[in-house]
Amino acid sequence: MYSEGLKWCLALQLLLPYCFMETSIQGQSADPKFVLSGSNVSLQSSNLPENYKRLDWFYSPDLKILEWETHQPNPHYFDTKFKRRVKLGENGTLHICNVQKEDSSTYILKVLLKSGFEEERRIPLKVFDPVPKPDVTIEKTQEMNNSCDLILSCMVRNLSVSYTWYGDSGPISEKLQSGVLNITVIPQNYSRFYKCEVSNPMSRNSNTVYFISHCQLARSSGVAWIPAWLMVMVPTILGLLLI
Ligand SMILES: *[C@@H]1O[C@H](CO)[C@@H](O)[C@H](O)[C@H]1NC(C)=O
Ligand SMILES: *[C@@H]1O[C@H](CO)[C@@H](O)[C@H](O)[C@H]1NC(C)=O
Ligand SMILES: *[C@@H]1O[C@H](CO)[C@@H](O)[C@H](O)[C@H]1NC(C)=O
Ligand SMILES: *[C@@H]1O[C@H](CO)[C@@H](O)[C@H](O)[C@H]1NC(C)=O
Ligand SMILES: *[C@@H]1O[C@H](CO)[C@@H](O)[C@H](O)[C@H]1NC(C)=O
Ligand SMILES: *[C@@H]1O[C@H](CO)[C@@H](O)[C@H](O)[C@H]1NC(C)=O
């Protein structure tokens, strides 16, 4: 269940703060902080008041991660999915090991002052998985009158990502919500390659297909070949038969 890194992290919890040098997140800000899954994160609240008698960290309003009565030597960690991955650090900092996508949330720190007054801080965290390499598929290459209609599609399985296509002369499309590139090219303006880049706020990946003429694919890595064979080879075979 737990990754190697996490085991190490757990073993090292006694040796804090070395375990948690990674990402420090200051409280009070309303913008979510973006981190990559697997990171070690420290959620920090600036300007913690001095005279408090209790700290509570929540994952969500109804899921309390820990509670610390300052007259107690140690915080109490509740039996949640965080139990073995979190540690209360200095100044109320919440250290989380090996964050996962499901850890994304607006965390809440409640501070109970000696006066009985309670303060609350909200600290948003958004965790992204690294984007895998996309598959690029040739959906259509149709040559007509020396011009070629091209439809290329770029796909990453069930992740929300943005797509950008690049060619010889830079970006071809603005960021697309769908990965489909639908263009018409002629021998004067085709690109020798079409690269699809997929990205989320924390990572990016890409795959490229190559063309040897405006309507003819070259061998390339990562292409889903089935439609390409159908689309490119069938006209070629027909061409050979007609000679
Ligand atoms: C998180 O901490 C653990 C233990 O300290 C370490 O093994 C791991 O590499 C860290 N992860 C990252 C992404 O730094
Ligand atoms: C905790 O807060 C005190 C006072 O603001 C500061 O001097 C100290 O460096 C802080 N410790 C950490 C680990 O941030
Ligand atoms: C392009 O092809 C169409 C039929 O497919 C034809 O009617 C037209 O004249 C052609 N245009 C040129 C410029 O060759
Ligand atoms: C992601 O894809 C896998 C397999 O294709 C599927 O089982 C799973 O339900 C999908 N998850 C989401 C969130 O769409
Ligand atoms: C591709 O673009 C052409 C012209 O803009 C449009 O007619 C066609 O429907 C588009 N095809 C797809 C699959 O989006
Ligand atoms: C290439 O040139 C043709 C004809 O001028 C034009 O219709 C097409 O949009 C151009 N394609 C690209 C990708 O610039």
Side-chain angles (χ1 to χ4, degrees), residues 1-25 33-44 81-90 93-104 125-131 136-155 163-197 200-203 208-217 224 227-228 230-231:
M1 187 68 214
Y2 295 127
S3 71
E4 223 27 60
L6 177 56
K7 280 184 208 147
W8 200 76
C9 191
L10 290 172
L12 264 208
Q13 280 195 345
L14 298 172
L15 297 178
L16 286 168
Y18 300 102
C19 177
F20 295 107
M21 303 298 287
E22 193 67 1
T23 312
S24 213
I25 292 170
K33 297 302 185 234
F34 295 158
V35 299
L36 212 48
S37 54
S39 309
N40 304 322
V41 171
S42 297
L43 301 180
Q44 219 164 11
K81 60 179 177 172
F82 291 100
K83 186 156 186 180
R84 316 220 163 274
R85 288 193 295 142
V86 294
K87 180 101 187 158
L88 184 64
E90 244 190 288
T93 302
L94 180 69
H95 300 294
I96 313 174
C97 264
N98 192 23
V99 288
Q100 298 303 312
K101 220 162 103 179
E102 312 75 66
D103 296 339
S104 298
L125 173 71
K126 199 146 171 37
V127 184
F128 292 90
D129 286 335
V131 180
V136 174
T137 309
I138 317 296
E139 304 287 353
K140 175 181 170 190
T141 55
Q142 187 173 69
E143 190 166 11
M144 207 205 268
N145 287 352
N146 217 25
S147 91
C148 184
D149 293 335
L150 270 181
I151 298 182
L152 310 185
S153 80
C154 180
M155 256 177 299
Y163 301 85
T164 313
W165 286 92
Y166 296 88
D168 283 346
S169 46
I172 298 173
S173 64
E174 296 302 315
K175 276 206 178 349
L176 299 170
Q177 288 314 303
S178 93
V180 177
L181 179 69
N182 176 2
I183 53 171
T184 300
V185 288
I186 57 173
Q188 290 74 41
N189 69 0
Y190 84 98
S191 171
R192 279 157 300 166
F193 67 88
Y194 298 92
K195 174 171 127 181
C196 173
E197 186 179 86
N200 65 23
M202 288 307 296
S203 72
T208 306
V209 291
Y210 297 89
F211 277 73
I212 51 175
S213 73
H214 67 303
C215 223
Q216 196 177 1
L217 256 182
L230 288 174
M231 294 303 179

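Indexing begins at 1, ligand by ligand and atom by atom, following the structure's order. Along the sequence shown, residues carry numbers from 1. The model shown is predicted, which means the values in this text are computed figures rather than measured ones.
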Could you list each N/O atom of ligand 6 together with any protein N/O atom closer than 3.5 Å, one pair per line with the distance?
from     : atom 1 : to     : atom 2 : distance (Å)
ligand 6 : 2 (O)  : Asn189 : ND2    : 2.3
ligand 6 : 11 (N) : Thr184 : O      : 2.8
ligand 6 : 11 (N) : Asn189 : ND2    : 2.9
ligand 6 : 14 (O) : Asn189 : ND2    : 3.4

(request) Scan side-chain atoms only and decide if Ser37 and Gln100 contain a donor-acceptor pair under the 3.5 Å cut-off. (result)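 Short answer, no.
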
(message) Hydrogens and angles aside, do His214 and Glu143 bring a side-chain donor and acceptor to less than 3.5 Å of each other?
(response)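 Short answer, yes.
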
(request) Any atoms of ligand 5 less than 4.0 Å from a non-hydrogen atom of Asn182? List them with their elements. (result)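 Here the atoms of ligand 5 in question are 1 (C), 2 (O), 3 (C), 8 (C), 10 (C), 11 (N), 12 (C), 14 (O).
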
(message) Is the distance from the ring center of Tyr194 to that of Tyr166 below 6.0 Å?
(response)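 Aromatic pair excluded; centres sit 6.0 Å or further apart.
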
(message) Between Tyr190 and Phe211, is the ring centroid distance below 6.0 Å?
(response)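 No, ring centres 6.0 Å or more apart.
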
(message) On a heavy-atom basis, which atom in Trp165 and which in Ser153 lie closest, and how many Å separate them?
(response)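 Scanning both residues, the minimum pair turns out to be CZ2-C, 4.1 Å.
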
(message) What verdict does the side-chain contact (heavy atoms from CB on, under 4.5 Å) test give for Thr141 and Asp149, after you've listed the backbone C-alpha separation in whole Å, the side-chain angles of each residue and the deciding distance to 0.1 Å?
(response) CA-CA 6 Å; Thr141 55; Asp149 293 335; over 6 Å; no

(request) Report the part of Ile151 in contact with ligand 5, treating N, CA, C, O as backbone and CB onward as side chain, heavy atoms under 4.0 Å; options are side chain, backbone, both, neither. (result)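 It is the side chain that gets close, since no backbone atom is under 4.0 Å.
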
(message) Return the CG to CG distance between Leu150 and Leu217, rounded to the nearest 0.5 Å.
(response)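 Result: 8.5 Å between the selected atoms.
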
(message) To the closest 0.5 Å, what do you measure between CG (Leu94) and CG (Leu88)?
(response)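 It comes to 7.0 Å.
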
(message) For Gly38, state whether at least one heavy atom is located under 4.0 Å from any atom of ligand 1.
(response)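 Heavy atoms of Gly38 do come under 4.0 Å of ligand 1.
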
(message) Closer than 4.0 Å to some heavy atom of Asn40 - which atoms of ligand 1 meet that?
(response)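 Reading through ligand 1 atom by atom, the close ones are 1 (C), 2 (O), 3 (C), 8 (C), 10 (C), 11 (N), 12 (C), 14 (O).
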
